[in-house]
Every structure is written in C-alpha cells, then in structure tokens.
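Data block below; observations after.
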Amino acid sequence: MSIHNHHTEGDGTVLGAVCAALRELRSPFALYESDIHQWVAQQLNQSGLDFRHEAVIGKGCRIDFLVDTVGIEIKKGKPNPNTVKAQLMRYAASPEISGLVVLTQRSLRLPDHLLGKPVKVIPLSQLWGIALP
C-alpha cells in the first residue's frame with residue numbers, strides 16, 4: 001500500500017493515516033463490539049486504507065484490524081489496563097507490527113511505546129463529544 005496517496009496526520013506514516021481516519025469516526029453509542037468493528041471497517045474503507053480484519057499476526061495472536069503494519073485493537077467498556085498492555089505486548093512482539101492503535105470506549109492509560117513500537121490510544125468517548133455514563 002502506498003501511503004502517499006492518502007491523507008495523513010502530517011507525519012506521512014501509515015500510523016498517522018490510521019489515527020487520522022479513526023479520529024473521524026462519529027458513531028453512535030455502541031452496544032456491541034461488533035458494531036464498532038463495522039464502523040471502523042467503513043471508516044478505513046472511506047479513508048482509502050487497505051486492511052485485514054481479524055488478522056493473524058502470530059501463533060494464537062489475532063488483532064482486530066491490520067493496516068499495512070499498523071495494528072488496531074478495539075476495546076469496549078472499561079478494560080483492565082494491565083490485561084490490555086499484556087495483549088499489546090504480544091502484538092508488538094510480532095514482526096508484522098510497526099505500531100499499535102487502541103480504540104476504546106473510555107480513556108485508557110497505556111505506555112507511548114511497547115517494545116520500541118508506538119502505541120496510540122483513541123477514546124471514542126472524546127469523539128462522541130458527550131459524557132458517557
């Protein structure tokens with residue numbers, strides 16, 4: 001995939017393009033994680049980004065979306081930060097991953113890098129512009 005044909009966040013990277021696309025999401029409050037997956041797939045398509053859904057990136061290791069070498073993991077509700085970090089460490093260990101984006105319903109504190117690879121957190125609650133219960 002050539003990133004040069006896509007609108008990026010200014011840094012010219014696939015990670016920047018993925019973050020820019022996901023920040024455009026204006027989905028209604030999601031009842032199911034599958035709804036969020038559907039909205040993300042539509043948004044990536046509209047942004048002209050090729051992706052694999054439920055991509056296998058290692059033995060027993062499957063990430064929600066893979067755009068080139070950028071993994072996207074979707075977390076609904078209020079996930080445990082330590083559990084998510086452990087999961088992301090497994091993803092970051094894959095040579096297929098250059099960076100990770102975590103799309104969450106609520107804000108989640110994670111390190112900026114795992115195994116030297118950038119990690120971006122995009123909380124849907126900020127994109128909705130409303131306070132969630």
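Note that these values count all heavy atoms, side chains included, but never hydrogens, waters or copies made by symmetry.
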- request: State which residue, out of T104, L103, L108, fulfils the side-chain contact (heavy atoms from CB on, under 4.5 Å) condition with P123.
  value: T104
field: Distance in Å, L110 CG paired with K85 NZ, rounded so as to fall on 0.5 Å steps
entry: 8.5 Å
query: Does S94 use its side chain to pair, donor to acceptor, with the backbone of G58 at less than 3.5 Å?
result: no
message: Working to the nearest 0.5 angstrom, can you tell me the gap between K59 NZ and R90 CZ?
response: 14.5 Å
- line: Closest heavy-atom pair, L114 versus P111, reported as atoms and distance to 0.1 Å, is CD2-CG, 3.8 Å
query: Should we say atom NZ of K120 is surrounded by more than 12 heavy atoms from elsewhere, each under 6.0 Å from it?
result: no
task: Give every residue pair that meets the side chain to side chain donor-acceptor pair (under 3.5 Å) criterion with at least one member in residues 109-118, sequence neighbours excluded.
output: none
- prompt: Hey, are the side chains of C19 and I122 touching, using non-hydrogen atoms and a 4.5 Å cut-off?
  reply: yes
- prompt: Hey, are the side chains of E33 and D64 touching, using non-hydrogen atoms and a 4.5 Å cut-off?
  reply: yes
Path from I97 to L115 over hydrophobic side-chain contacts below 4.5 Å: yes
query: Under a 4.5 Å side-chain heavy-atom rule over Ile, Leu, Val, Met, Phe, Trp and Tyr, are L66 and V84 clustered together?
result: yes
message: Are M89 and V102 connected into the same hydrophobic cluster when the rule is that any two of I, L, V, M, F, W, Y join if their side-chain heavy atoms are below 4.5 Å apart?
response: yes
field: Counterpart residues, salt bridge (charged side-chain N to carboxylate O under 4.0 Å, His left out), relative to R62 (two or more places apart)
entry: none
message: Could you report the tightest heavy-atom contact between L49 and A21, atom names first, then the distance?
response: CD1-CB, 4.0 Å
task: Taking ring-ring contact (aromatic ring centres under 6.0 Å, His included) as the test, write out the residues that go with Y91, two or more places apart.
output: none
query: Is there a donor-acceptor pair closer than 3.5 Å between any side-chain N or O of Q105 and the backbone N or O of K76?
result: no
query: In this structure, which one of I72, I74, L124 forms a side-chain contact (heavy atoms from CB on, under 4.5 Å) with L22?
result: I72
- prompt: When rounded to the nearest 0.5 angstrom, what is the spacing between CD in Q87 and CD1 in I63?
  reply: 8.0 Å
message: Do V18 and L88 sit in one hydrophobic cluster, given that two such residues count as connected whenever their side-chain heavy atoms are within less than 4.5 Å of each other, even indirectly?
response: no
message: Using a 3.5 Å distance criterion without hydrogens, assess whether the side chain of D68 forms a donor-acceptor pair with backbone atoms of V14.
response: no
- prompt: Do the ring centers of H37 and F65 come within less than 6.0 Å of each other?
  reply: yes
- request: Hey, could you give me the CD/CG distance between Q46 and L25, rounded to the nearest 0.5 Å?
  value: 9.0 Å
- line: CZ of R52 to CD of E96, rounded to nearest 0.5 Å, is 5.5 Å
query: Are L44 and L15 connected, step by step, through hydrophobic side chains (Ile, Leu, Val, Met, Phe, Trp, Tyr) whose heavy atoms are closer than 4.5 Å?
result: yes
